[in-house]
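Notes follow once the structure below has been shown.
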Amino acid sequence: MGIRVRFAPSPTGDLHIGSVRTALYNFLHARHEKGTFVLRIEDTDQKRNKEEALKGIVDGLQWCGLHWDEGPIFQSDRLDVYSRYAKKIEESGRAYWRDDPGKGRALVFRIDREKIAWDDLVHGPSARDISLDPDLVLVKSDSFPTYNFACVIDDHEMNISHVLRGDEHLANTPKQISLYRALGWEPPRFGHMPLIMDPDGEKLSKRKIEKYHGIGLPVIVEECRALGYLPEAIVNFVALLGWSPGGDLELMTLDEMIEKFTADRIGTTPARFLVDKLLWMNGIYIRKCPIDRLVELTRPYIESTYGPQPVEKLREAVRQQQERIKRLDELPALTKFAFAPKIEYDAKAVAKWLTADGGRAILGDLRAELSELRAFDKAAVESVLTRVMEKHKTKLGNVAQPLRVAVTGGTVSPPIHDTLAILGRETVLARIDEALKL
RNA sequence: GCCCCCAUCGUCUAGCGGUCUAGGACACGGCCCUCUCAAGGCCGGGACACGGGUUCGAGUCCCGUUGGGGGCACCA
């Protein structure tokens, strides 16, 4: 029988990068072992649950390609199960009711007063003495189970064999093991992985989202998507934050990660999440992306800025920019010359390439030759550039740049023949005329 | 305060006692390519926190110090 693992988020907020990694490692572990990946929603905090959060989690996981085999199972649907076990533990004498003047009556578990040991999948042999720890609340005064209670019941009932979770749970584990013992159950194997840190070296925090935003650090999956990161880049990058297949291998598909993943290769050192390498990796995946898919992915960015576009033109624009962008949201700015009806001329560019050093003369010659071209294609355009270049006894750059400035307004664009091709003869000539008047 | 975790280039990491004058990637600098910007190629600077052990031999094992992080809820 295969192993069973779970990802068990609480629907209290957005799916962030740390959760993605937890989900990913559990997913990889399940797939590597040909086991089952369960999605369980830990919605036992009535006050903090948020309606939209669930959708964000579900959509985010699917966008990342982390598909689950069972679930989502909601703990709020299983309250009768928890109360049955609560009664059982109470009857066994291991739990007692405690009154709190403010909060009300809660069922409390007498933890083992001893040192609890377990073999951690990441840290190896581990132990912690909980004899001085406070007892564990199982049932809150609103009659909902606590995390530590519901988690143990569910992991057992769902036959979860391996639990990979963050180091923040390290203190819970011995108490949970104590609960397993009281119920006469075999605990699953636990593995605790180090937290993901922000650039300041602190745990990623919802409270610092504004700050992260300022430095271009996407911590929410939805934000990653909006900024134009590809899921394969996010997943690949996040996988490497705390795990390595060994050796020099870094760029991996999900399938390759599944093949290579073992929990004992999860590191013990907290990793900082800096955006540089993610950006680079996203560029890699953008360049790898088949053009048809890339067109569909980028269409919203362009059309929300410039309105509906013919697919051929869209495709050509994307083709031209594919190796130049690191994020899809860079596209509108880079393709402005192609899609905006009106361009603005950059004063510095005009001064350098048009006003000075006979740029106008060159541009005039180009205009004359281009207007007489029968076929406005790459070969024809290049022959024009060459002729003008030779006539003026200069370098190609001194011909291409004035032309580039004239038709795009600036000094940066795809290769000049591509730039002209996407604009078409009419626009090119009109813009040259406009530039000649500057 | 108490408990716990962690410690290799700026960052992500490889390294599981000798093959380490410590490898790769990102970032950075230089060069090449070149009509601009990218992409790509080549080269370069850059790390085993510190102190004790153990051992013939330590980045690798043990202890301590320092530093960083996490946890101490009727949150998960």
Side-chain angles (χ1 to χ4, degrees), chain A residues 8-13 42-45 47-49 75 98 100 102-108 120 122-123 126-130 132-134 136-151 165-174 192-195 197 199-203 237 239-251 264-265 267-281 283-284 287 320-326 330 334 349 353 382 385 389 395-405 408 410-419:
Chain A
S10 67
T12 53
E42 311 222 316
D43 54 348
T44 55
D45 187 335
K47 290 184 273 302
R48 296 205 311 149
N49 283 342
Q75 289 189 324
R98 189 176 70 194
D100 181 287
K103 302 171 202 161
R105 251 162 87 79
L107 185 66
V108 184
D120 198 281
V122 176
H123 294 272
S126 304
R128 204 174 88 82
D129 186 356
I130 56 169
L132 267 19
D133 285 22
L136 196 61
V137 173
L138 301 182
V139 180
K140 299 181 270 187
S141 56
D142 65 1
S143 81
F144 272 64
T146 58
Y147 160 74
N148 279 304
F149 183 43
C151 179
R165 52 170 38 158
D167 270 347
E168 64 210 286
H169 287 286
L170 227 30
N172 289 322
T173 297
H192 296 87
M193 49 196 170
L195 277 10
M197 303 306 198
D200 298 331
E202 297 172 314
K203 188 166 124 170
F237 176 78
L240 262 20
L241 248 33
W243 173 77
S244 159
D248 296 339
L249 185 61
E250 290 203 311
L251 295 169
D264 63 342
R265 289 205 58 88
T268 51
T269 316
R272 286 192 201 209
F273 176 18
L274 267 51
V275 81
D276 298 41
K277 194 165 184 173
L278 170 61
L279 260 180
W280 163 77
M281 201 175 267
I284 297 278
R287 275 171 255 140
Q320 289 181 7
Q321 302 294 154
Q322 182 165 18
E323 66 179 25
R324 287 158 224 283
I325 58 173
K326 289 193 162 70
E330 296 166 26
L334 289 172
W353 295 105
E382 277 181 355
L385 261 67
M389 175 180 80
K395 294 182 296 185
L396 186 54
N398 290 330
V399 176
Q401 281 307 78
L403 184 53
R404 174 170 278 121
V405 173
T408 70
T411 56
V412 176
S413 82
I416 194 66
H417 61 265
D418 279 338
T419 301

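This one's a predicted model, so the numbers in the text were calculated from it and none came from an experiment. Residue numbering restarts at 1 for every chain, and letters A, B, ... go by the order of the sequence lines.
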Looking at A:Thr268, I'd like to know whether one of its side-chain N or O atoms comes within less than 4.0 Å of OP1 or OP2 on B:A7.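 Yes.
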For [N], give the paired nucleotide (Watson-Crick: N1-N3 plus N6-O4 or O6-N4; G-U: N1-O2 and O6-N3; both under 3.5 Å), or none.
N: B:C48; value: none
N: B:C72; value: B:G1
N: B:U36; value: none
N: B:C16; value: none

[M] and [N], which share atom name [atom1], separated by this distance in whole Å:
N: B:A39; M: B:A27; atom1: P; result: 8 Å
N: B:A7; M: B:U13; atom1: C1'; result: 14 Å
N: B:C26; M: B:G40; atom1: P; result: 8 Å
N: B:C42; M: B:C16; atom1: C1'; result: 34 Å
N: B:C20; M: B:U8; atom1: C1'; result: 12 Å

Quick one: list whatever passes salt bridge (charged side-chain N to carboxylate O under 4.0 Å, His left out) with [X], sequence neighbours left out.
X: A:Asp200; answer: A:Lys208, A:Lys211
X: A:Glu330; answer: none
X: A:Asp133; answer: A:Arg128, A:Lys175

Which nucleotides of nucleotides 34-49 of chain B have their base under 4.0 Å from a protein heavy atom (B), which only their sugar-phosphate (S), and which neither (-), written as one string 5' to 3'? -BBBBSS---------
Please encode protein proximity along nucleotides 68-76 of chain B as a string of B, S and -, counting only heavy-atom distances under 4.0 Å. -SSS--BBB
Is there a donor-acceptor pair closer than 3.5 Å between any side-chain N or O of A:Thr146 and the backbone N or O of A:Val137?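 It does hold such a pair.
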Has the side chain of A:Thr419 got a donor or acceptor atom that lies under 3.5 Å from a matching backbone atom of A:Pro414?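 Yes, A:Thr419 side chain to A:Pro414 backbone: donor-acceptor pair under 3.5 Å.
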Modelled atom types, side-chain donor and acceptor of A:Thr408 and A:Ser413, under 3.5 Å: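 Note: A:Thr408 and A:Ser413 side chains miss the donor-acceptor criterion.
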Give one of base, sugar-phosphate or nothing for A:Arg265, where a contact means two heavy atoms less than 4.0 Å apart.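 Contact class for A:Arg265: sugar-phosphate only.
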Only pairs under 3.5 Å count here: list side-chain donor-acceptor contacts from residues 165-172 of chain A, not counting sequence neighbours, and write none if there are none.
from, atom 1, to, atom 2, distance (Å)
A:Arg165, NH1, A:Thr173, OG1, 2.8
A:Arg165, NH2, A:Tyr147, OH, 3.2
A:Arg165, NH2, A:Gln176, OE1, 3.0
A:Asp167, OD1, A:His123, NE2, 3.1
A:His169, ND1, A:Tyr147, OH, 3.2
A:His169, ND1, A:Asn172, ND2, 3.3
A:Asn172, OD1, A:Asn148, ND2, 3.4

Using side-chain heavy atoms (C-beta onward) and a distance below 4.5 Å, is A:Leu396 in contact with A:Met389?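 Yes; the side chains approach each other to less than 4.5 Å.
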